[in-house]
Student: 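One structure, as structure tokens, below. Some questions next.
Labels below follow one simple rule: chain letters A, B, ... track the order of the sequence lines, proteins then strands, and each chain is numbered from 1. Keep in mind that what you see is a predicted model, and the values were worked out from it rather than measured.
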Number of protein chains: 2
Amino acid sequence: MSSPTPALDPVELAAYFSLIEATSLLRHTVELQLKEAGDLSYVQFQLLARLGDAPGGSHNMTELADGVVYSRSGLTYQAGLLEKAGLVTRAPSADDERGTTVTITDAGRSRLAAVFPGHIEVLHRMLFDALSRDDILTLEGLLTPVVQHMRAMPPRSASRRRTKGSTAGGLAGGGHRD
Amino acid sequence: MSSPTPALDPVELAAYFSLIEATSLLRHTVELQLKEAGDLSYVQFQLLARLGDAPGGSHNMTELADGVVYSRSGLTYQAGLLEKAGLVTRAPSADDERGTTVTITDAGRSRLAAVFPGHIEVLHRMLFDALSRDDILTLEGLLTPVVQHMRAMPPRSASRRRTKGSTAGGLAGGGHRD
DNA sequence: TATTGTTATACTCTATAACTATA
DNA sequence: TATAGTTATAGAGTATAACAATA
């Protein structure tokens, strides 16, 4: 429908590679720091940080998952770990009995506090020290719309699963159950 | 010793979040595409692509690992998978008998060819369609120095392990072996 | 019937430590 | 002794499918 996508020109290629490598290096370093300073994986840190920012320190599972985790069971698993560590609590939601409300505990906030300084230090050392003030502003100005664009994209997968109605007309003609 | 790293200002925070989320979404989508089009994980794709670009289609293990994988055994594992799938061959290096030369096969190149169009399409759809020509140039201009900066950083871990000599003066007073 | 969340399970990936072999 | 790579193994994480319960 749109572009023929023949290849990437050198600038696109370099931008793509840099983006991937920078994030990979940054994330790896951050993961080591989080693990060492607070025994948290990156995903766990993201979940905790999200709860820390939320009003009341709470989210339901679906809100919490958004953007961090790509499957429900994955979140249940992580939330279970955080709960077992005493960093969050889980309780049935007040308004929707199906829902689970996850709330950060004092211990969770302490853990965040224990981890933040080192986290920020890594970000400065690895990322921001290499950029001028204007560069950072420019980068933010470029990437924020990119994220919005990506969020608006159809998921391409990851959600068309419980689509009951596809009994006929699917790709697989034969006999997969479910 | 150096910066007090009090906190991130809003722009830094936004830049950081955008960077992480954009890359996460992009990578997730790319991984689905690579899996579907060529049954490759992202790491496997990177290794294969790197070999495809190399003169003679070869690298030794250490060169191949650089920047893609963070442990030796991880690369051995992945290389083993690629070899089992017939996409690369492994042979003792000519010049250094300790080394292993990994070479992409014709099947490996075919696999790359099978995967590239969709890969590029995803990149355009998710990333480049949201940016102007100048934006892409700017992004590349910002991130390339960032990567160089990151590469130049001391690894902070991940290599200070076989440092025999630290019998005295280390952090752990006691008796960890090795 | 659709949605929220959990569980069971299988699989992929990563990393540490111990080991072999060559430089 | 240091370096290149492999192996064994253990652990963390992810995803699919099946399930229970509420809307």
Side-chain angles (χ1 to χ4, degrees), chain A residues 24 27-28 31-32 34-36 39-47 59-66 68-85 90-102 155 157-165 167 176-178, chain B residues 24 27-28 31-32 34-36 39-47 59-66 68-85 88 90-102 155 157-165 176-178:
Chain A
S24 174
R27 179 145 176 173
H28 186 247
E31 277 173 352
L32 292 176
L34 292 174
K35 189 79 176 182
E36 189 177 311
D39 195 36
L40 293 174
S41 73
Y42 195 66
V43 167
Q44 289 157 13
F45 170 71
Q46 288 182 97
L47 296 175
H59 273 306
N60 64 32
M61 295 290 281
T62 300
E63 291 164 354
L64 193 53
D66 177 50
V68 175
V69 156
Y70 297 99
S71 75
R72 302 228 193 151
S73 60
L75 178 57
T76 296
Y77 172 74
Q78 292 296 343
L81 291 182
L82 290 174
E83 185 179 42
K84 204 182 313 179
R90 279 189 291 185
S93 292
D95 48 316
D96 186 337
E97 285 285 329
R98 295 171 303 183
T100 295
T101 297
V102 186
S157 183
S159 59
R160 38 126 182 181
R161 182 162 305 109
R162 188 101 339 167
T163 326
K164 293 287 178 53
T167 325
H176 57 53
R177 66 194 175 299
D178 183 37
Chain B
S24 174
R27 180 145 174 173
H28 186 248
E31 277 174 353
L32 292 176
L34 291 174
K35 189 78 176 183
E36 187 176 311
D39 195 37
L40 292 174
S41 73
Y42 195 67
V43 168
Q44 288 158 13
F45 170 71
Q46 287 182 96
L47 296 174
H59 273 306
N60 64 34
M61 294 290 280
T62 300
E63 291 163 354
L64 192 54
D66 177 50
V68 175
V69 156
Y70 297 99
S71 75
R72 303 231 193 145
S73 60
L75 178 57
T76 297
Y77 172 74
Q78 293 296 343
L81 291 182
L82 290 174
E83 185 179 43
K84 204 182 312 178
V88 306
R90 279 190 291 184
S93 292
D95 48 318
D96 187 336
E97 285 286 328
R98 296 172 303 181
T100 296
T101 297
V102 185
S157 182
S159 61
R160 38 123 182 183
R161 182 160 305 110
R162 187 102 339 165
T163 325
K164 293 288 178 51
H176 56 52
R177 66 193 175 298
D178 185 35

Student: By side-chain hydrogen bond (donor to acceptor under 3.5 Å, both in side chains), which residues pair with B:Thr100, not counting sequence neighbours?
Tutor: none
Student: Can you name the residues that form a side-chain hydrogen bond (donor to acceptor under 3.5 Å, both in side chains) with B:Glu31, not counting sequence neighbours?
Tutor: B:Arg27
Student: Could you tell me which residues satisfy side-chain contact (heavy atoms from CB on, under 4.5 Å) with B:Glu97, sequence neighbours excluded, listed by chain and number?
Tutor: none
Student: Tell me whether the OP1 or OP2 atom of C:dG5 has a side-chain N or O from A:Thr62 closer than 4.0 Å.
Tutor: yes
Student: With sequence neighbours left out, which residue pairs that include part of residues 74-85 of chain A fulfil the salt bridge (Lys or Arg N to Asp or Glu O under 4.0 Å) condition?
Tutor: A:Glu83-A:Arg90
Student: Taking only residues two or more places apart in sequence, or in another chain, which ones meet A:Ser24 in a side-chain hydrogen bond (donor to acceptor under 3.5 Å, both in side chains)?
Tutor: B:Tyr70
Student: What's the CG-P distance between A:Leu32 and C:dT16, to the nearest Å?
Tutor: 9 Å
Student: Collect all protein-nucleotide pairs involving nucleotides 20-23 of chain C in which both atoms are nitrogen or oxygen and the distance is under 3.5 Å.
Tutor:
from: C:dA23; atom 1: OP1; to: B:Glu97; atom 2: N; distance (Å): 3.1
from: C:dA23; atom 1: O4'; to: B:Arg98; atom 2: NH1; distance (Å): 3.4

Student: Listed by chain and number, what are the side-chain contact (heavy atoms from CB on, under 4.5 Å) partners of B:Ser71, not counting sequence neighbours?
Tutor: B:Ser73
Student: For the pair made of CG in B:Leu64 and C1' in D:dA4, what is the distance, rounded to whole Å?
Tutor: 13 Å
Student: Among all residues two or more places apart in sequence or in another chain, which pass the side-chain contact (heavy atoms from CB on, under 4.5 Å) test with A:Asp66?
Tutor: A:Arg50
Student: Would you mind reading off the bend of the helix from C:dT1-D:dA23 to C:dA23-D:dT1 from its two end axes, five pairs each, to 10 degrees?
Tutor: 0°
Student: According to salt bridge (charged side-chain N to carboxylate O under 4.0 Å, His left out), who are the partners of A:Arg98, at least two apart in sequence or on a separate chain?
Tutor: A:Asp96
Student: Give the rounded distance in Å between these two atoms: CD of A:Glu31 and C1' of C:dA15.
Tutor: 13 Å
Student: For a quick check, with a 4.0 angstrom heavy-atom cut-off, what is the B/S/- contact string for nucleotides 6-13 of chain D, read 5' to 3'?
Tutor: BBB---SB
Student: Do B:Gln46 and B:Val68 have side chains that approach each other closer than 4.5 Å (heavy atoms only, starting at C-beta)?
Tutor: yes
Student: My understanding is that only residues two or more places apart in sequence, or in another chain, count here; which of them pass ring-ring contact (aromatic ring centres under 6.0 Å, His included) with A:Phe45?
Tutor: A:Phe116, A:His119
